[in-house]
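See below for the structure under consideration.
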Number of protein chains: 4
Amino acid sequence: MPPISGEQLNQIRDERREQIIQAAAKVFAKRGIAGTKMSMVAAEAGISHGLVYHYFKTKNELFTTLIQGAIEASISSIEGLNRIQGSALEKIRLLTKHILDQEKAPYFMLIYQANHSDGVPEEAKQLLREYPQQAYIERLLPTFRDGQLEGDIVEGDLVNLVGSYFTILSGIMVLGEGYHIPELEFVMRTITK
Amino acid sequence: MPPISGEQLNQIRDERREQIIQAAAKVFAKRGIAGTKMSMVAAEAGISHGLVYHYFKTKNELFTTLIQGAIEASISSIEGLNRIQGSALEKIRLLTKHILDQEKAPYFMLIYQANHSDGVPEEAKQLLREYPQQAYIERLLPTFRDGQLEGDIVEGDLVNLVGSYFTILSGIMVLGEGYHIPELEFVMRTITK
Amino acid sequence: MPPISGEQLNQIRDERREQIIQAAAKVFAKRGIAGTKMSMVAAEAGISHGLVYHYFKTKNELFTTLIQGAIEASISSIEGLNRIQGSALEKIRLLTKHILDQEKAPYFMLIYQANHSDGVPEEAKQLLREYPQQAYIERLLPTFRDGQLEGDIVEGDLVNLVGSYFTILSGIMVLGEGYHIPELEFVMRTITK
Amino acid sequence: MPPISGEQLNQIRDERREQIIQAAAKVFAKRGIAGTKMSMVAAEAGISHGLVYHYFKTKNELFTTLIQGAIEASISSIEGLNRIQGSALEKIRLLTKHILDQEKAPYFMLIYQANHSDGVPEEAKQLLREYPQQAYIERLLPTFRDGQLEGDIVEGDLVNLVGSYFTILSGIMVLGEGYHIPELEFVMRTITK
DNA sequence: TATGAATGAGCATTCATTCAT
DNA sequence: CATGAATGAATGCTCATTCAT
């Protein structure tokens, strides 16, 4: 005679999990792996530190999960690009605005942290080496090529161009507080004629 | 009357100190404050960890010293700008190249770390809040203004422009390995007509 | 709604805390602050050193807690004096016996250590500068005065007399093992006619 | 062609040695063994810490040397007792005054430290277990017996009496600062009729 | 599922001791 | 004899992780 139905339990579990992930993203993004204590994550999530271990076996697993989420989110964000109406340049401008505007920073931060830390499971590092950079760039290539054909985007090697564009954006997002955030047009000038 | 000439001792001390600073800059830049263990610094410098404490009272003091050096170096780097011959744009291009080319990354990294970490002595944070951003930007303003007057640099608010330019460069340097480093002209497009 | 009743947890916490305090008193009294290693306290308490830090933030905090307890215990010990029946001299004899007989040594030792060590938190030192000496003496004054009026206690300045009496007792307790402990009457002769 | 004669060297050596011993006695007495750092001794003596090791192989050896000196000094102090004119009581009063008056504290402190510390070489501990207590008491016995015969000193077991008397004095000396130092007559009452 | 007591590996820092000069 | 740079063992303290309840 379970007082709570299995379904309710599942719901609780999913909510808790998400709760922890949100909290962890916030803390990891700000402090890095070494600087983040599990107790901070627990406190941020408003639960006991013991409970975090019910959902994530280790700190590294938690971090890896975050990375995975970040990668998926960024990819689906680009995917959405194709569904937009308008010229290639307008699409890119929209994506850029989207990134600069929103609270996307945690995602970029996490990926950055993963690239610069030690304790990161090789598993996560592998994911990163293959994914975001490449995925982003590959998925953006067609749109940039269209932009070149349409005469809006500067000529030159596309991989180089898109790679540089992605680096610039990543850099801005990673720096975060304390730096002057460039306006959309400032960034757009790097790729427009 | 020490059995070793005071000068010899001073030399040893200065060398060791510099040796530790170099090692520490490398490690701190890569791993951040929390991620850097004093044993890593010692190993990188090829000395015992005990000796590090002979020269720097605490990890924080060591880090703060690094920050101070980074700030001084970056400022003097800009100061040199005025001694160069050529148009404003050429000066800026040279500075940009200088930054992108060389191993300036540690300096940008350190300043970034200091802005984003916790254990940073308030002392160091203070230094940072006042210096690099402002100092850099203020010192670059005249040259950018010249560039505008000479018709090479885009119009618009100078503080905004230089701030954005500085952010872009900082971002690139901070990202470091794993990201596609933009070429000089890519970056220059953000400020040229 | 913790799975273990809060009361149970409180009980565990109190027991452990007391356990650590007992162990610490023993070790600190014997070895002094510098001579006491947290591992010794942990071993004496039969727990891991990590757990000690669960209950006391630092070695100094632990020591300060001990001091506080010692002060309170000694004061309440004197307070009890007034509830006793009999002449003033008998009361003092009883107190003296009480001190000499029992395992009061740790309390005197702790207070002594605190007065003679370095790393003692100023907080603890302050407590001591104000308390035991003064408190003891002031609280004993009336009884000694009664003793003088009753013709049992030697004449003379009361503060001087009680202070000396307290010093003698403290000295005996601090010396501890290795010294011949005087008998009650030997000590009593210092104050009786 | 030594610039300094061997005799001069010997003199320097002896002076340095004494200089270190004085400094060490002061520091050890105040801080105990664990609380005393060799650097403190060196600083107190006004020399480099390296030099201390030219004269004393280890910290323990230095401490043991101090103990030896303390023992010898106290014994010779009692020996002098017999050369004094007057009644037994007067002799004892003189000795007591002598102890209470002067800066004998370091000696008592050292012996006390030795009895209560760990790092003390068993060698030193052995010396102590046999010497001061016994030596003092045995050498005082005859005088106390005379005092009893002369009717000035209380009756009773002599070893007990002298032992208690020695304990009282030791305690006073060990407590040191922060305690009310009893006057001569207060102490004398413990042994006089 | 949820909590927090408990453990122990790891890291910052101190300090006795050695040794080149 | 004298100095202080150098080493490393020892110690305070933190924090990831486990587990009884």
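What's counted below: heavy atoms across the whole structure, side chains too, no hydrogens, waters or symmetry copies. Each chain gets a letter, A, B and so on, in the order its sequence line appears, and its residues count up from 1.
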Return the value, rounded to whole Å, for the distance between atom [atom1] of [X] and atom [atom2] of [N].
X        : N       : atom1 : atom2 : result
Asn10(B) : dA5(F)  : CG    : C1'   : 13 Å
Met38(B) : dT11(F) : CE    : P     : 21 Å
Met40(B) : dA12(E) : CE    : C1'   : 13 Å
His49(C) : dC11(E) : NE2   : C1'   : 11 Å
Ile33(A) : dG10(E) : CD1   : C1'   : 17 Å
Gln19(A) : dT1(E)  : CD    : C1'   : 13 Å
His54(C) : dT7(E)  : NE2   : C1'   : 11 Å
Ile47(C) : dT18(F) : CD1   : P     : 21 Å

[X] versus [Y]: any side-chain heavy-atom pair under 4.5 Å?
X        : Y        : answer
Phe63(A) : Thr36(A) : no
Phe56(B) : Ile21(B) : yes
Arg16(B) : Gln19(B) : yes

- Earlier contact from the 5' end, DNA chain F, for Val52(B) and Thr36(A): Val52(B)
If you check the [X] side chain, which of [options] turns out closest?
X        : options                  : value
Leu51(B) : dT7(F), dA5(E), dA2(F)   : dT7(F)
Ser48(B) : dT3(F), dG8(F), dC15(E)  : dG8(F)
Lys59(C) : dC13(F), dG4(F), dA12(E) : dC13(F)

Taking only side-chain nitrogens and oxygens of [X], does any of them come within less than 4.0 Å of OP1 or OP2 of [N]?
X        : N       : result
Tyr53(B) : dT14(E) : no
Arg16(C) : dA5(E)  : no
Arg13(C) : dA5(E)  : yes

- Task: Indicate, with yes or no, if the rings of Tyr107(A) and Tyr112(A) have centres closer together than 6.0 Å.
- Result: no
- Query: According to the Watson-Crick and G-U wobble definitions, with both distances under 3.5 Å, which nucleotide is paired to dA20(E)?
  - Reply: dT3(F)
- Task: Could you check which nucleotide pairs with dG8(E) in any of the strands shown, counting Watson-Crick or G-U wobble with both distances under 3.5 Å?
- Result: dC15(F)
- Item | Heavy-atom closest contact (Ala29(A) atom, Pro106(A) atom, distance) | CB-CA, 4.0 Å
- Task: Using a 4.0 Å heavy-atom cut-off across all strands, classify Tyr55(B) as base, sugar-phosphate, or nothing.
- Result: sugar-phosphate
